[in-house]
2 protein chains.
Amino acid sequence: MAEDRPGTDGGMAWEGISPTLEDVAARAKVSTATVSRCLNAPQRVSERTRERVMEAVRALGYAPHFGARALAANRTNTFGAIIPTMENAIFARGLQAFQEELGRHGITLLVASSSYSPELEEEQIRTLIARGAEAVLLIGQDRTPESYTLLRRRRIPHVVAWTNARGEGPVSIGFDNRKAMAALTARVLEQGHRRLALVSAPRAGNDRARERAEGVSEAMAAHGVPPADLVLIETPYSITNGAEAFARLMARRPRPTAVLCGNDVLAAGALRQAREMGIDVPGEVSVTGFDDIELAEIVTPALTTVHVPHRAMGAGAARKLMALRNGEDVGASEELEATIVWRESLGPAAVG
Amino acid sequence: MAEDRPGTDGGMAWEGISPTLEDVAARAKVSTATVSRCLNAPQRVSERTRERVMEAVRALGYAPHFGARALAANRTNTFGAIIPTMENAIFARGLQAFQEELGRHGITLLVASSSYSPELEEEQIRTLIARGAEAVLLIGQDRTPESYTLLRRRRIPHVVAWTNARGEGPVSIGFDNRKAMAALTARVLEQGHRRLALVSAPRAGNDRARERAEGVSEAMAAHGVPPADLVLIETPYSITNGAEAFARLMARRPRPTAVLCGNDVLAAGALRQAREMGIDVPGEVSVTGFDDIELAEIVTPALTTVHVPHRAMGAGAARKLMALRNGEDVGASEELEATIVWRESLGPAAVG
DNA sequence: TTGTAGGCGTTATCAG
DNA sequence: CTGATAACGCCTACAA
């Protein structure tokens, strides 16, 4: 049963191996060049031959070899994105919008995650480049200098999102984390809270976390509360970690009356722990989040948080990158607004 | 400043273009073959030359061209996975485990999402194949016949997860959706509930949803409750949809006393709506979920749900695929256990 | 241990 | 409109 090679026999080609341009050409009795044209510039081929070729393509189940195409044409129609994590939904909506916008223009997205590690991110950048990413979306500003060197050397357009970078450096599209967190903190202070705690993500290698923490201090100072009084716990984003951090905070005497969380996931964990400990939110303690993901309105009590323009950032980043790839100018960085969403988890400070 | 070409000058290479093996070879004064060996089989190169080569690699920031490598070596060390959606966390944990297991063996993962559309999935399969995926993870059993044809023709190992497929067809690793849902329904019935409702994902093209619905009917029949009495609403997985479905159910007279949801996300929506409508759960109505994602223990009341062995499926699928790719035999399909997690959202049926 | 050279599947530049 | 043919960057016998 084992035949030799498919060769140019007009019969059923041997199944089991990826057909190539040559196989299609043989079956359609044309040259490989013509097949290639049928696929890439159909209008440059006569109707009759095109039909014959397409028929052969279908019959053989032919699909062009991506690597070979990248090699020969030096283009891939592929963009890359590196996000810190896929484990929670923080980046899901933004990435979805990014993807949709690219998809509309026939561009494929390659996603990698860095686990909040600059070294890992540098590695991922290398991988994306090797795989032919023509443009790259990055989150935030903290990364190794080599990461930027790599991208610049290869002339690969890149944009940083989830942050607002003034001045030189890469083009950014995002919001001012410090300003947003300061505004939220101001609201908390206006409710009479003076003993504040912040559950932050580890700030090393995470400029968003750092800026949010700075925002808290800034607002405290502006309201005449010594920033040094802030109780700060660093812990990676996860519900469990949020719960643990909250428990530790509640063990202090005196207790903080407001617990600000670096994002909604930590805040959800804090709420779970509060319920478990029988602590009333916001009656005894207020809790706030950051991001306004769907989770924020599901939990009880619903979270007061900062609404981040996820979709706008994702779509905007896609448009900027496509423009850059096409050699157009996209101007300076773009600042979007983050707004405060007041829900039930923030209330007035208890007397005393 | 514009030089001609980098050539073999020993000085600083011209920055701005991706260096190739040849560039590295020139700088290290060896042949391209030696550089290639340094990268792929370091032990076959003398210490001295290897150092020189690696130094050149670093200096030039060289990274091998993925496409070229795939073309020449006919291997990519890349696996693919197609999941129905990235929008909610249903598949996050399983995929994470899948990825970790692959990463341990130096394999890169390409992820695509099908939006629960068999046609889109077929398209994604083509794309993954074209990009060199050497093995593919799929979710569930419903797909176009062509999808399987494509994979078989190319001899691409594939495994289906999140389901348990007996008999012929592709190897599977997962749990029995029907059995799990039947077990959960039995618990509900034992609590005295007789007016049941099911909020399911659209069953067309989704065997897991179909089997779960069948499980409900099966358990009802076994308990002497006419399956025809089941009120069924189909709606895509999302919190908002879950909330809307719940509202519609509560508008019926008589109301169902237990609302089973096809997954935790829908159930979370139902709970939100219940709170909004001032309906007590489980006092007036019981609600159950499916999946046991983190969300399930965050919501109020915490969800009674089916714990799905996400991580075990992901890791197991990775091991099976790697074995298959290496030509080993992996035996038949593997059935894992899904267990019921009893939390607060399920209680006894109100009298009357 | 190292170098030479052919080929992987595709695109693109030429002639016909 | 179609067909040769030379790249593209890398791997791998095969030779030295």
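Naming: A, B, ... by sequence-line order, numbering from 1 per chain. Because the structure is a prediction, the values reported are computed rather than measured.
The shortest non-hydrogen separation linking L137(B) to A317(B) is CD1-CB, 3.7 Å. The two residues V45(A) and R50(A) make their nearest non-hydrogen contact at O-NH2, 3.5 Å. When all heavy atoms of M86(A) and A92(B) are compared, the pair lying nearest together is O-CB, 4.3 Å.
Spacing between atom NZ of K29(B) and atom P of dT2(C) amounts to 16 Å, rounded to whole angstrom units. Remark: C1' of dT2(D) and CZ of R50(A) are 14 Å apart, rounded to the nearest angstrom. The CZ atom of R52(A) sits 12 Å away from the C1' atom of dC1(D) (whole-angstrom rounding).
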Can you check nucleotides 9-12 of chain D for protein contacts, nitrogen or oxygen pairs under 3.5 Å, and list what you find?
| residue | atom | partner | partner atom | Å |
| --- | --- | --- | --- | --- |
| dG9(D) | N2 | A68(B) | O | 3.3 |
| dC10(D) | OP1 | Y62(B) | OH | 2.5 |
| dC10(D) | OP1 | H65(B) | N | 3.2 |
| dC10(D) | OP2 | L21(B) | N | 2.5 |
| dC11(D) | OP1 | N40(B) | ND2 | 3.3 |
| dC11(D) | OP1 | R69(B) | NE | 2.7 |
| dC11(D) | OP1 | R69(B) | NH2 | 3.2 |
| dC11(D) | OP2 | S36(B) | OG | 2.9 |

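E134(B) and T78(B) form no side-chain donor-acceptor contact under 3.5 Å, judged by distance and modelled atom types alone. In the model, S117(B) has no side-chain atom that pairs as donor or acceptor with a side-chain atom of S114(B) under 3.5 Å. Side chains of T144(A) and E122(A): a donor on one and an acceptor on the other come within 3.5 Å.
Axis angle across the helix from dT1(C)-dA16(D) to dG16(C)-dC1(D), with five pairs used at each end and values rounded to 10°: 30°.
With D207(A) contributing its side chain and G140(A) its backbone, the two residues share no donor-acceptor pair below 3.5 Å.
Taking side-chain N and O atoms only, T49(B) has no distance below 4.0 Å to OP1 or OP2 of dT1(C).
Distance check, rounded to the nearest 0.5 Å: OH of Y116(A) to CD1 of I83(A) gives 9.0 Å.
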